[in-house]
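First the structure, in the form of structure tokens, and then the observations on it.
We're numbering straight along the sequence, starting at 1.
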Amino acid sequence: MPLSEIDNELSSAVQDARSASWSVRAAAGRRLASAAEDARVADVLHRLLLDGQDTAVTQETAEALLERWDVCGLRMVLAALTSADDETGDQLDAAINDVCCQSEEGLTRLEELSSTLVSDSDTSISDEASRILRVWGNRH
């Protein structure tokens, strides 16, 4: 895909992230997750992870980020957990469970990614990564 098409797709998804429709916002979160390293996109993803209008937006965005199976995706979910209210925090934890904790392979991958984030320079991220290891690391 040419760079201009990628920029157009990102711009469209960023615009959709402001939609009044929860399903459009959730789909935007899924589309934007692949570009989470882009600073313009990261801020929008953080907002979608903490969507105060519908937990489905939180769930879809978190699952898409976790399905990347990389430090960036997990770090974004953990960053949202550090400031989430109880209901949103439960949705984020549910997304971690649904994506990462359904198989031995998933648990192993979650443990490896969390082990990397335990030494994150942001102590709130490292604390969440430690919690993940305590809670889910003992499941396998």
Side-chain angles (χ1 to χ4, degrees):
M1 188 181 298
L3 189 56
S4 62
E5 285 184 41
I6 293 170
D7 282 343
N8 287 343
E9 171 60 22
L10 287 179
S11 293
S12 173
V14 166
Q15 195 169 24
D16 286 350
R18 292 188 292 266
S19 172
S21 167
W22 70 266
S23 61
V24 173
R25 290 193 314 280
R30 263 212 181 270
R31 289 170 30 219
L32 290 169
S34 65
E37 295 87 355
D38 185 318
R40 301 169 296 172
V41 171
D43 290 339
V44 175
L45 285 167
H46 186 74
R47 183 170 38 84
L48 291 170
L49 286 166
L50 298 173
D51 190 278
Q53 298 174 37
D54 197 296
T55 56
V57 176
T58 298
Q59 184 90 18
E60 284 293 315
T61 304
E63 287 179 1
L65 286 164
L66 294 166
E67 288 165 358
R68 292 168 47 108
W69 289 107
D70 66 2
V71 170
C72 178
L74 179 59
R75 188 180 193 285
M76 290 197 78
V77 172
L78 297 185
L81 268 167
T82 67
S83 60
D85 61 32
D86 289 343
E87 183 178 9
T88 303
D90 288 346
Q91 286 300 130
L92 293 168
D93 277 336
I96 293 170
N97 182 64
D98 292 350
V99 173
C100 305
C101 302
Q102 301 305 309
S103 68
E104 284 296 315
E105 178 187 4
L107 285 166
T108 299
R109 291 169 85 181
L110 177 62
E111 188 172 354
E112 290 167 359
L113 294 171
S114 297
S115 293
T116 300
L117 289 169
V118 165
S119 58
D120 195 273
S121 60
D122 182 331
T123 56
S124 61
I125 301 289
S126 62
D127 289 348
E128 283 297 329
S130 295
R131 183 185 68 83
I132 294 292
L133 288 172
R134 278 192 317 275
V135 172
W136 279 293
N138 295 326
R139 285 195 176 179
H140 65 107

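Closest of all the heavy-atom pairs between Ala62 and Ala95 is CB-CB, 3.6 Å. Considering all non-hydrogen atoms of both residues, Leu66 and Val99 come closest at CB-CG1, 3.8 Å. The two residues Cys100 and Trp69 make their nearest non-hydrogen contact at CA-CH2, 3.6 Å. Closest approach of Ala42 and Met76 over heavy atoms only: O-CE, 3.4 Å.
Atom OG1 in Thr58 sits 11.0 Å away from atom CG in Asp90 (nearest 0.5 Å). The line from CG of Leu78 to CG of Leu92 is 9.0 Å long, rounded to the nearest 0.5 Å.
Here Glu112 does not pair with Arg109 in a salt bridge; the nearest charged N to carboxylate O distance is not below 4.0 Å. Checked for salt-bridge contact, Arg25 and Asp54 miss the test: no charged N lies under 4.0 Å from a carboxylate O. A salt bridge between Asp16 and Arg30 is absent, with no side-chain N of the basic residue lying under 4.0 Å from a carboxylate O of the acidic one.
Between the side chains of Ser21 and Ser23, at least one donor-acceptor pair of N or O atoms lies under 3.5 Å. Using modelled atom types and a 3.5 Å distance limit, the side chains of Glu63 and Gln59 yield a donor-acceptor pair.
Judged by distance alone, the side chain of Ser115 and the main-chain N or O of Glu111 form a donor-acceptor pair under 3.5 Å.
Every side-chain contact (heavy atoms from CB on, under 4.5 Å) that Thr116 has, sequence neighbours left out, goes to Val71.
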